[in-house]
Structures are given as structure tokens and as C-alpha cells.
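Remarks on the structure that follows.
When reading the values below, keep in mind they use all heavy atoms of this one structure, side chains included, and skip hydrogens, waters and symmetry mates.
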Amino acid sequence: MRARAILFDAGETLVHPAPSFPELFSSVLASAGHRREPAAVIEASRSVFHRFSEAARDRDLWTTTREGSERFWNGVYATMLLELGIGGDDALRDTLYATFTDPANYALFDDVLEAVSALEAEGLALGIVSNFEAWLEDLLGTLGVRDRFPVRVISGLEGVEKPDVAIFTLALDRIGADAADAVYVGDNPEFDVEPARAVGMLPVLIDRRGRFPDADCVRITDLRHLAAAVANA
């Protein structure tokens, strides 16, 4: 396959809370007098994985309004706090929400800039398709990469969220590529791999932490391996 366009997910594919979600969450708790190790935060997060699938099933769009975003994430944080043995603390949930919606608390993964430069050198069209609130535009600007992804289809601005294939077809229209000539890179089989494949794109799973060793798709652990993986697909 010779790709003409590469589209990326954003959260946990290109950008991440810094130094990481569990470490940042743990530091917020510590500031409020609750000492919990990042490993405990990781364990607590397992109790909320289903929330994203349920929201998609119920067409409960959580990125498209500030109110919807706060409601969704406050529910996630409330469940996690209970799992961590911390009772209902509205102020702490508000602090967590403010922390994880602050662009200053995010960074690019170490492999992003080198990978993007290599793809640009190949003349590939680059874009983003992401379930993210509208402030992703500001975050990409803060990180200095917004203009390197000329096509940016962000659910918080478009009113449609993955895994709805409509968000992928919208991105393909804007980038000017047929699905058969495009690659989609993301970190989640349900929200990235399956819908990208359904629309006819080549899905690539970026699995930095080895969570999906048996994934039924092209799988990489470093974005710098993307060009070779696509060439051999």
C-alpha cells in the first residue's frame, strides 16, 4: 500500500498529560492531602473504561459542550475517587477537571516530532481526527504542532464523535483522499481501529504500553516505526 494521507488520533497518540495521567492525578490528590501512588490510580481507572463505550452507545456526546464535558469527567473522577477510598469531594473533582483541561499540563510523546518530520518529507498529507474538546486547538498551538496537521477534525468542534464513521469520512473529504489511500493511527481498538477499518482506511494501533499484543491490525509501539509499518502493510 502506498498511502497518500495519514490521520492521527490526539490523546495518548500524539499528546499526553505530563508526566502521565496517573502521575498527574496522584499529584493533585497529594496536594489535597490524599496520598495515593500512581499504581493505585491506574487500578482505579479500570473502573471507568466502560464509560466511554457507554457514552458512544447512548450517543451521549461528551466533548461538544463545556457542560457535557464537565458532567462526563466529573462522573469519571467521582468513580475513581471512590475506588481510591476518597469520598465525594466536589472541590477535588473540580480541581481534577481544571488540571486535565489545562494545556500547560500536556506534552508531546517523544517520538512525535521525528515521526511527523519523516512523513512530511515523504510528501504525505497529515491530519487529526480526535474525540477531544474544542480546546485541543489551543493545546496543539501551545505544543507548536497545530500547523503541521493542516486538517484537524475535532469532535468538540464538529458535533460528532468516534466511533461514528461520519467523523472519519468528514476528515477524508477535507484532506482530499480516498479511504483506500489513507491510514489512521490511534491507541484504542474500539474507537480507532474498528471504525477506521469500517470506512476503508488502513488502521494502525500505537500501543506504547503493550496493552494489546494480540490486536488484529498493524501494531507499532513507537511512531517512528509508522512509515515502515505502512510500507509493509
Below 4.0 angstrom, N of the basic side chain to O of the carboxylate: do Asp111 and Arg224 qualify?
-> no
State whether a side-chain donor-acceptor pair under 3.5 Å links Thr63 with Ser155.
-> yes
Taken in chain and number order and not counting sequence neighbours, the residues that satisfy ring pair (Phe, Tyr, Trp, His ring centres under 6.0 Å) with Tyr106 are Trp135
Please answer: with hydrophobic residues joined when any side-chain heavy atoms are less than 4.5 Å apart, are Leu143 and Phe100 in the same cluster?
-> yes
Please determine if Asp222 and Arg208 form a salt bridge, counting it only when a charged side-chain N lies under 4.0 Å from a carboxylate O.
-> no
Taking side chain as C-beta onward, heavy atoms only, is Val199 less than 4.5 Å from Thr169?
-> yes
Given Leu84, Leu24, Thr95, the one that forms side chain to side chain contact (heavy atoms under 4.5 Å, CB included) with Leu29 | Leu84
To the nearest 0.5 Å, how far apart are CG in Asn131 and CD1 in Ile154?
-> 11.0 Å
Could you go step by step and tell me if Arg51 and Thr79 meet the side chain to side chain contact (heavy atoms under 4.5 Å, CB included) rule?
-> CA-CA 10 Å; Arg51 293 286 186 92; Thr79 299; 2.6 Å; yes
Would you check, one step at a time, whether the test salt bridge (charged side-chain N to carboxylate O under 4.0 Å, His left out) holds for Arg36 with Glu43?
-> CA-CA 11 Å; Arg36 301 292 189 278; Glu43 189 61 32; over 6 Å; no
Closest non-hydrogen atoms of Val160 and Ala166, given as atom of the first, atom of the second and distance, are CG2-CB, 4.1 Å
Phe109 and His16: ring pair (Phe, Tyr, Trp, His ring centres under 6.0 Å), yes or no, with the steps?
-> CA-CA 7 Å; Phe109 283 103; His16 65 95; 4.5 Å; yes
Arg59 and Asp164 ion-paired at < 4.0 Å = yes
Modelled atom types, side-chain donor and acceptor of Glu114 and Ser117, under 3.5 Å | no
Can you tell me how far the CD1 atom of Ile128 sits from the CD1 atom of Ile6, to the nearest 0.5 Å?
-> 13.0 Å
Show the numbers, then the answer: is there a side chain to side chain donor-acceptor pair (under 3.5 Å) between Ser20 and Glu23?
-> CA-CA 5 Å; Ser20 69; Glu23 290 170 296; 2.7 Å; yes
Ser45 side chain near Met80 side chain, heavy-atom distance below 4.5 Å | yes
Side-chain heavy atoms under 4.5 angstrom apart, residues restricted to Ile, Leu, Val, Met, Phe, Trp, Tyr: same cluster for Phe132 and Leu61?
-> no
Check: Leu172 and Asp178 side chains under 4.5 Å, non-hydrogen atoms = no
How far apart are the closest heavy atoms of Leu119 and Ala227, and which atoms are they?
-> CD2-CB, 4.4 Å
Mind running side chain to side chain contact (heavy atoms under 4.5 Å, CB included) on Arg148 and Leu113 for me, showing each step along the way?
-> CA-CA 10 Å; Arg148 302 186 76 171; Leu113 293 179; 3.7 Å; yes
Indicate yes or no for a side-chain donor-acceptor contact from Asn232 to the backbone of Ala228 under 3.5 Å, with no hydrogens or angles considered.
-> yes
Lys/Arg N to Asp/Glu carboxylate O, Arg174 vs Glu158, below 4.0 Å = yes
Taking the side chain as every heavy atom from C-beta outward, state whether Leu92 and Val28 have any atom pair closer than 4.5 Å.
-> yes
d(Leu14 CG, Leu140 CG) to nearest 0.5 Å is 7.5 Å
Verify same cluster id: Phe25, Ile42 (apolar side-chain graph, 4.5 Å) = no
Kindly compute the distance separating CG (Asn105) from OG (Ser27), expressed to the nearest 0.5 Å.
-> 8.0 Å
Tell me, do Asp207 and Ile220 make a side-chain contact under 4.5 Å, heavy atoms counted?
-> no
Report whether Val151 and Met201 are members of the same hydrophobic cluster (ILVMFWY, side-chain heavy atoms less than 4.5 Å apart, transitive linking).
-> yes
Mind checking whether Lys162 and Asp192 have side chains closer than 4.5 Å, heavy atoms only?
-> yes
Might you point out which heavy atoms bring Pro22 and Val41 nearest each other, and give the distance in Å?
-> CA-CG1, 3.8 Å
Fellow cluster residues of Leu205, listed by chain then number, with links counted only when side-chain atoms sit under 4.5 Å apart | Val193, Phe212
Got a salt bridge between Asp60 and Arg71, using NZ or NE/NH1/NH2 to carboxylate O under 4.0 Å?
-> yes
Measure the CZ-CG distance between Arg152 and Leu7 for me, rounded to the nearest 0.5 Å.
-> 13.0 Å
Verify same cluster id: Phe21, Ile206 (apolar side-chain graph, 4.5 Å) | yes
Of all residues at least two apart in sequence or in a different chain, which pass the ring pair (Phe, Tyr, Trp, His ring centres under 6.0 Å) check with Phe52?
-> Trp62, Phe72, Trp73
His50 (side chain) donor-acceptor with Ser47 (main chain) under 3.5 angstrom | yes
Taking the inter-plane angle between the rings of Phe149 and Phe8 on a 0 to 90° scale, is it parallel (under 30°), tilted (30 to 60°) or perpendicular (over 60°)?
-> perpendicular
Is any side-chain heavy atom of Leu157 closer than 4.5 Å to a side-chain heavy atom of Leu136?
-> no
Enclosure of Arg46 CZ (heavy-atom neighbours >12, cutoff 6.0 Å) | yes
Non-hydrogen side-chain atoms of Asp187 and Asp9 separated by less than 4.5 Å | yes
Quick one: salt bridge (Lys or Arg N to Asp or Glu O under 4.0 Å) partners of Asp138, sequence neighbours excluded?
-> none
Pairwise distance CD(Glu190) to CG(Asn188) - rounded to 0.5 angstrom | 6.0 Å
Those residues that, when tested against Glu37, pass side chain to side chain contact (heavy atoms under 4.5 Å, CB included) (two or more places apart) = Arg35
Tell me the ring pair (Phe, Tyr, Trp, His ring centres under 6.0 Å) pairs involving residues 154-202, sequence neighbours left out?
-> Phe168-Tyr184
